[in-house]
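Written out below as structure tokens is the structure these notes cover.
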Amino acid sequence: MNLAEARSTLQAARRVVVLTGAGISAESGIPTFRDAQTGHWARFRPEDLASPDAYHRDPELVWEWYAGRFRDVMQAQPNRGHLLLAELERQKRAEGGSDAFTLVTQNVDGLHQRAGSAAPLELHGTLLSARCEACGHVQPLPDAATFTPPPKCEVCGHRMRPHIVWFGEFLPDDVLALAELQFKRADVALIIGTSSLVYPAAGLADRTRSHGGLVFEINPDETPLTQRASFSLRATASEGLTRLMEARDA
Ligand code: OAD
């Protein structure tokens, strides 16, 4: 499939589902996880920071890292890629109602919401909230400029942990089930800025393929998904979305 065909297929699609990864926020200055020079995991080992064991061993260190990332994302701005996805959502929902477009993200930075996307499904939690270790209550973090971790639960007063899915933890059942359903039903699944290495998110596109839908990928690099995609655009998220969403007769 070529770009013109992919563009018209996307325009005609009645149900579109999008999965984003860290790459879509790279153009907002947020480091990805696996990029060789800049990625988080080039500087830190996941087991040292993003696991329940790490948190039990040294909650202050883990909180310090998440509080720093929280401050960084609150200073960052959504980029053209985030804005174009919010625009695609408006177009599709205007034509076909709320089921016509679903955004699923592995990102925890809240930039899709700030760009205008309505309630993306956050598979890996969010940096913007904390969860009580005792009662499970979830509350937003206070203003990034004044926040000093760890936060205390407003319901029971206990210490709270980052509201993030760590290595070795399960994704929230309800969020994953809804994402799987929308991937099964989609005519087009658009996979943007993810290395397609971390499951179950990396398996979502195959739900669309096995139900007869098409998979399009936008990524500057090849990924394990590229071979299985109907169309793959070697571009950044903002360039790729701009090219894919240009009007057909423009
Ligand atoms: P990765 O860091 O694994 O992959 C980022 C992808 O973005 C790579 O394939 C890059 O080629 C691509 N990329 C880089 N710059 C880009 C740009 N400007 N536009 C588009 N793509 C670009 O990040 P994820 O796939 O999101 O999980 O990682 C998945 C999960 O692994 C994360 O959610 C996180 C991590 O461990 C948890 O923390 C639970």
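Read the numbers this way: they start at 1 and go in the same order the structure lists the ligands and their atoms. Since the structure is predicted, the reported quantities are computational estimates derived from the model, not experimental observations.
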If hydrogens are left out, which of [options] has an atom nearest to [atom], that is, the closest non-hydrogen atom?
{"atom": "atom 17 (C) of ligand 1", "options": "G23, P31, G21", "answer": "G23"}
{"atom": "atom 27 (O) of ligand 1", "options": "H124, E217, R34, R234", "answer": "H124"}
{"atom": "atom 1 (P) of ligand 1", "options": "A202, S195, S238, S196", "answer": "S195"}
{"atom": "atom 38 (O) of ligand 1", "options": "I192, N79, V165", "answer": "V165"}

Please tell me whether [X] and [Y] have a donor and an acceptor in their side chains that are separated by less than 3.5 angstrom.
{"X": "S238", "Y": "N79", "result": "no"}
{"X": "Q91", "Y": "E87", "result": "yes"}
{"X": "R34", "Y": "T32", "result": "no"}

Query raised in the report: Can you say whether the rings of W63 and F147 are parallel (under 30°), tilted (30 to 60°) or perpendicular (over 60°)?
Result: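 Perpendicular.
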
Students should be able to answer this: which protein heavy-atom is nearest to [atom], and at what distance?
{"atom": "atom 19 (N) of ligand 1", "answer": "A237 N, 2.8 Å"}
{"atom": "atom 15 (N) of ligand 1", "answer": "A26 CB, 3.8 Å"}
{"atom": "atom 14 (C) of ligand 1", "answer": "D35 OD2, 3.4 Å"}
{"atom": "atom 8 (C) of ligand 1", "answer": "N219 ND2, 3.9 Å"}
{"atom": "atom 26 (O) of ligand 1", "answer": "A22 N, 2.8 Å"}

Query raised in the report: How many angstroms lie between atom CE of M160 and atom CD of E154, to the nearest 0.5 angstrom?
Result: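 Between atom CE of M160 and atom CD of E154 there are 7.0 Å.
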
Query raised in the report: Quick one: CZ on F70 to CG on L141, what's the gap to the nearest 0.5 Å?
Result: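 Here the interatomic distance stands at 4.5 Å.
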
N/O of [X] under 3.5 Å from N/O of ligand 1, yes or no?
{"X": "T194", "value": "yes"}
{"X": "G193", "value": "yes"}
{"X": "Q106", "value": "yes"}
{"X": "A235", "value": "no"}

Query - Atoms of ligand 1 close to D221 [distance to a heavy atom under 4.0 angstrom, numbered from 1] - result: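 Listed by number with element, the hits are 11 (O).
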
Query raised in the report: Which atoms of ligand 1 are found less than 4.0 Å from any heavy atom of V198?
Result: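 That gives atoms 29 (C), 30 (C), 31 (O) of ligand 1.
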
**Report entry** Residues, nucleotides or ligands: over 12 heavy atoms within 6.0 Å of N2 CG
**Finding:**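 Counting neighbours around CG of N2, more than 12 heavy atoms of other residues, nucleotides or ligands fall under 6.0 Å, so yes.
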
Does the residue [X] have a heavy-atom contact with ligand 1, meaning some pair of atoms that are separated by less than 4.0 Å?
{"X": "W166", "answer": "no"}
{"X": "L197", "answer": "no"}
{"X": "A50", "answer": "no"}

Side chain proximity check, [X] to [Y], heavy atoms < 4.5 angstrom:
{"X": "V175", "Y": "E122", "value": "no"}
{"X": "E222", "Y": "R234", "value": "yes"}
{"X": "H137", "Y": "C156", "value": "no"}

Report task. Could you list who else is in L3's hydrophobic cluster, with ILVMFWY side chains joined at under 4.5 Å, directly or through other members? Result ->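 Result for L3 is M1, L10, V16, V18, I24, L84, L85, L88, F101, L103, V188, L190, I192, L214, F216, I218, F231, L233, L241, L244, M245.
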
